[in-house]
Amino acid sequence: MQIGNCIDSINSLRFDACLEDLVLDIPLCQMAKERNKENLDFYLENGNLDEHKINEVFPFYIRAPKEYKNTPIAEIEVLLIKNKNTLMKSLESNSKNRAVILNPLFSKIGISCLKFNDYIFFMIELS
């Protein structure tokens, strides 16, 4: 799934809730990319993600880009297994993820997608 399609799908959820669309933000995309690399490194070092909080929402991020140092940021991590589930099903079925996406305080989004073996790592940053 292309990043543009992901944003369109996420914004369709917000549209249904009468919220403004999220706008793609380059610093947040770079942050998402770095976090995705960290997840893959963790996976490669440990052989699994059992002790890593994947599919979770984090309410803030310490290493935020300088433009966002005093700005609330939420991070959504989603791990998909190829041909088993989709990003939108994972986002919609997890109440924490859905709540973050539907938070009217957020107006910007950064997304990173990293494919490795049978896994697809998605990192979504919202501000």
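Sequence positions, counted from 1, serve as the residue numbers for this chain.
- Taking 4.5 Å as the limit, every side-chain heavy atom of Val23 sits out of range of all side-chain heavy atoms of Ile109.
- The shortest non-hydrogen separation linking Phe106 to Pro72 is CE2-O, 3.8 Å.
- Within 6.0 Å of CZ on Phe116 lie more than 12 heavy atoms contributed by other residues, nucleotides or ligands.
- In this structure, CD1 on Ile10 lies 5.5 Å from CG on Leu91, to the nearest 0.5 angstrom.
- Minimum heavy-atom separation, Cys6 to Phe122: SG-CE2, 3.8 Å.
- Annotation for Glu92: atom CD counts as buried by contact number, over 12 foreign heavy atoms lying within 6.0 Å.
- Residues Asn5 and Ile7 are not in side-chain contact: their nearest non-hydrogen atoms beyond the backbone lie 4.5 Å or more apart.
- The NZ atom of Lys33 lies 8.0 Å from the CD atom of Gln30; values are rounded to the nearest 0.5 Å.
- Looking at Glu125 and Lys108, no side-chain N of the basic residue comes within less than 4.0 Å of a carboxylate O on the acidic one, giving no salt bridge.
- Residue Met123 is not grouped with residue Ile120 when hydrophobic side chains (ILVMFWY) are merged at heavy-atom distances under 4.5 angstrom, including chains of intermediate members.
- Inter-residue side-chain proximity for Leu87 and Ser9 is flagged as unmet; no heavy-atom pair is nearer than 4.5 Å.
- Atoms CG and CZ, on Leu102 and Arg14 in that order, are 7.0 Å from each other to the nearest 0.5 Å.
- Judged by distance alone, with hydrogens and angles left aside, the side-chain atoms of Arg98 form no donor-acceptor pair with the main-chain N or O of Ser93 at under 3.5 Å.
- Both Leu44 and Leu114 are members of a single hydrophobic cluster when ILVMFWY side chains are connected at heavy-atom separations under 4.5 Å.
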Requested in this report: Start with the C-alpha distance between Leu126 and Ile73, add both sets of side-chain angles, then the distance that settles side-chain contact (heavy atoms from CB on, under 4.5 Å), and finish with yes or no.
Outcome: CA-CA 6 Å; Leu126 295 132; Ile73 293 178; over 6 Å; no
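- In this structure, the side chains of Glu34 and Lys37 come closer than 4.5 Å at one or more pairs of heavy atoms.
- Not one N or O on the side chain of Asn117 forms a donor-acceptor pair closer than 3.5 Å with the backbone of Tyr119.
- Put simply, CG on Leu40 and CD on Glu45 are 10.0 Å apart, with the number rounded to the nearest 0.5 Å.
- Within the model, atoms CG of Asn103 and CG of Leu19 stand 8.5 Å from one another, a figure rounded to the nearest 0.5 Å.
- The two residues Cys29 and Ile111 have their closest heavy-atom pair at SG-N, 3.6 Å.
- Remark: Asp8 CG to Met88 CE distance equals 10.5 Å, nearest 0.5 Å.
- Checking side-chain atoms of Asn36 against main-chain N and O of Phe121 turns up a donor-acceptor pair under 3.5 Å.
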